[in-house]
Amino acid sequence: MKRRPNYLAGLGSLVWLFLIGLPLYVMLAATLQDHSDYSSNGPLAFPKHFTLHNYTQDFSNGFGHFFLNTLVVTIAVVAIVVLVVPPLAYSIVRSQGRITTGIFRLFLLGLAIPAQAVIVPMFYVISKAGLYDNLIGVILPTAAFSLPVCALILTGVMREISPELYEAMAVDGASPWRVFFQLVVPLSKSGLSTIVVFSALQAWNGFLFPLVLTQSDSSKVITLGLFNFQTEHGIDIPGLLAAVVLSMLPIFIVYLFARRALVQGLMGVGGK
Amino acid sequence: MTTSAEPRVARRRSVRRSGAAVARPGFAWAAPATLFFLLFAVVPLVLVAVLSFTDWDGLGSPQYAGLDNWKALIHDHVMIQSLWLSVLITVLGVVVQTPLSILLGVWAAGKQRNRAILSAIYFIPLLLSATAISILWRALLDPNFGVPSQAKWLFGDGNLFGHQTSAIGVLVFVGAWQYTPFHTLIYQGATRAIPPVLYQAAEIDGAGTVRQFFSITLPQLRTTMITSMILMVVGGLTTFDTVLILTQGGPGTDTTISAYYMYEQAFKSFDFGGGSAIALVLVVIATIISLIVVKVSGYDKMRSSTEGL
């Protein structure tokens, strides 16, 4: 098949690449120069004296600690998702009872519940549970809100497992338990890595729940650290942007290795 | 948690139905995720309705207040304005992002040699938090130290955040910067799924690239367009981080959209009842849209090869 290139879209994509690339370049360049150099040279200039001062300064401002908190939240959220979503998806795909259909509908509907809409009662629930200003209070709602998309992605993957394989397992008299661990889980590996990457991304970048549900520096995550840094030292643009770079660094490293899983998973969200 | 499913699994194995040789998992397998989701997403959703009829400062206990919050809301001109602003920013977002992401998605679906490298850079906004993106653009567009101070011919007085029109423009632009890569990805996937035979047939009929785009690609992308637009609408209505960091709803209340207004009412003015009422309005709008998603996209009927087993 010969599909001729779409020149208009090609041109557009170059313009867009410029729009994506330029701000990222400006950001990197800004973080590598002194505050005074940046303000006198302007954002578009190439840095003359390179320095890593902005990065070290961020660490002394507590970013190392925020980093660690974010890591804890992310690992916990991914653990919850990996524990509960595969059995959920398995049951939705295979049991086909009225209850599981209802459950699937519930999660589909959940796709559109914006976190903002429930933030006030969430504050109420978490406060009453004594989890305010505690990382657990951030982890639980963050995990809950990544369930719908992960369920959607994983059911999509599990539906593609061929029926013959289940029958072959049934001939051996395998229990759902064994079918799950010996057939469904190994064959859903791509989907599993997608939901790991996706939920990790959600947790790492989460902002609203930490903003409303934590208060003290000791339970602050990195997005909140960024936000506070901006309100307090907003004038120190290189320092601020260095913090932005730091906040995206781990996720960018993961992206380099798991790009395929992430991109394919996100593609699947749009439907057929 | 999943061990709770064990007794049920055992029972199922012993009561093997005749003919149905394949052991099926019961709904107990879905229970942990469902209970968790109910507790942290659905219960709060019910609570938000309850709280909207109360007076609560966030510290003591909520007091029943009847329709007070709702009456106040109807007469609150900032609330009415915030709904208009939400709709305006959402519509502008859809209008800007849809053509862009369709063109880019169709382009990216083709066979480009350097696509792997390009898309690696291209999809970076997908990885960044809304916080990071907003801070980046706030810094870049800073009136004193940002790009506008260097390009006065383009940006006028350079204070983009000081006027309603340009502040809204910035919000729409940053929204597009953040979300266009995601929608491009959706369109890319959908474009790849179009049967090549359609293009071959068009080629034989002598249809050019443009004709093929309008007569094959666009119609084939219809479902995806609906899904993508609905996602844009839900995302647009609930834009929050961007407003908080870029404009703080200002100048004045010129960019105070509903989601941000809800946050201000609840967590800044400590009027959690009033905030809940605004939140409920958002929930109702989002639910209506989500019902449309499920109906129109046919997600709930999405059962491929395992159907009828």
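Numbered from 1 within each chain, the chains take letters A, B, ... in sequence-line order. Since the structure is predicted, the reported quantities are computational estimates derived from the model, not experimental observations.
Between B/Tyr260 and B/Phe240, the angle of the ring planes lies from 30° to 60°, which puts this pair in the tilted group.
With hydrogens and angles ignored, the 3.5 Å screen pairs no side-chain donor or acceptor of A/Ser95 with any backbone N or O of A/Ile92. Under a 3.5 Å cut-off, the side chain of A/Tyr90 and the backbone N or O of A/Pro176 do form a donor-acceptor pair. A side-chain donor-acceptor contact under 3.5 Å links A/Asn205 to the backbone of B/Leu127.
Only the side chain of B/Phe267 comes within contact range of chain A, with heavy atoms under 4.5 Å apart. Using a 4.5 Å cut-off between heavy atoms, A/Leu224 makes no contact with chain B at all. With a threshold of 4.5 angstrom between heavy atoms, B/Asp142 approaches chain A through side-chain atoms but not through N, CA, C or O. Only the side chain of B/Leu38 comes within contact range of chain A, with heavy atoms under 4.5 Å apart. In this structure, chain B has no heavy atom under 4.5 Å from any part of A/Ala30. When heavy atoms are compared at a cutoff of 4.5 Å, B/Tyr263 approaches chain A solely by way of its side chain, counted from C-beta outward. Interface remark: B/Ile245 contributes backbone and side-chain atoms alike to the contact with chain A (heavy atom separation under 4.5 Å). Contacts between B/Ala139 and chain A at a heavy-atom distance below 4.5 Å involve backbone atoms as well as side-chain atoms. Both the backbone and the side chain of B/Leu45 come within less than 4.5 Å of a heavy atom of chain A. At a 4.5 Å heavy-atom cutoff, the contact between A/Gln116 and chain B is made by backbone and side-chain atoms alike. Interface remark: A/Ile20 contributes backbone and side-chain atoms alike to the contact with chain B (heavy atom separation under 4.5 Å). Proximity to chain B (any heavy atom under 4.5 Å) is restricted, for A/Ile237, to the side chain, taken from C-beta onward. The contact between B/Ala132 and chain A is made by backbone and side chain atoms together, counting heavy-atom distances below 4.5 Å. For a residue to count as touching a neighbouring chain, one of its non-hydrogen atoms must lie under 4.5 Å from one of that chain's; by this rule A/Phe229 does not touch chain B. Residue contact with chain A, scored on non-hydrogen atoms closer than 4.5 Å, involves the side chain of B/Val42 exclusively. Residue A/Leu147 touches chain B through its side chain alone, counting heavy-atom pairs closer than 4.5 Å. Neither the backbone nor the side chain of B/Leu280 comes within contact range of chain A, judged by heavy atoms closer than 4.5 Å.
Taking OG of B/Ser101 as the start and CG of B/Leu185 as the end, the distance is 10.5 Å to the nearest 0.5 Å. Residue B/Gln188 holds its CD atom at 8.5 Å from OG1 of B/Thr184, rounded to the nearest 0.5 Å.
With chain B as the partner, the residue from A/Val245, A/Leu240, A/Thr231, A/Leu211 showing the most heavy-atom pairs under 4.5 Å is A/Leu211. Put simply, of A/Ile119, A/Val179, A/Thr100, the one with the most heavy-atom pairs under 4.5 Å next to chain B is A/Ile119. Of the listed residues (A/Leu226, A/Val125, A/Ile222), the greatest number of heavy-atom pairs within a distance under 4.5 Å of chain B belongs to A/Leu226. Between chain A and the residues B/Leu282, B/Asn144, B/Leu140, the largest count of heavy-atom pairs under 4.5 Å involves B/Leu140. When B/Ser258, B/Pro62, B/Gly105, B/Gly235 are compared by the number of non-hydrogen pairs under 4.5 Å with chain A, B/Pro62 comes out ahead. Highest contact tally toward chain A, considering only B/Ile135, B/Val283, B/Leu39, is held by B/Ile135 [criterion: heavy-atom pairs under 4.5 Å]. Contact tally against chain B (heavy-atom pairs below 4.5 Å) for A/Ile126, A/Leu208, A/Leu106: the top residue is A/Leu106.
B/Thr217 and B/Tyr199 are linked by a side-chain donor-acceptor pair at a separation below 3.5 angstrom, with hydrogens and angles left out of the test. Between the side chains of A/Thr223 and B/Ser129, not a single donor N or O lies within less than 3.5 Å of an accepting N or O.
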A/Tyr38/A/Asp236 under side-chain contact (heavy atoms from CB on, under 4.5 Å): CA gap, chis, key distance, verdict: CA-CA 10 Å; A/Tyr38 179 79; A/Asp236 177 16; over 6 Å; no
Apply side-chain contact (heavy atoms from CB on, under 4.5 Å) to B/Ile278 and B/Gln265, showing your working. CA-CA 9 Å; B/Ile278 305 172; B/Gln265 288 297 300; 3.8 Å; yes
Would B/Phe40 and A/Val118 count as a side-chain contact (heavy atoms from CB on, under 4.5 Å) here? Give the steps. CA-CA 9 Å; B/Phe40 284 97; A/Val118 297; over 6 Å; no
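Within 6.0 Å of the CZ atom in A/Phe18, the count of heavy atoms belonging to other residues, nucleotides or ligands does not exceed 12.
Residues passing the ring pair (Phe, Tyr, Trp, His ring centres under 6.0 Å) test with A/Phe209, sequence neighbours excluded: A/Phe145. In terms of the ring pair (Phe, Tyr, Trp, His ring centres under 6.0 Å) criterion, residue partners of B/Trp137 (sequence neighbours excluded) are, by chain and number, B/Phe173, B/Trp177.
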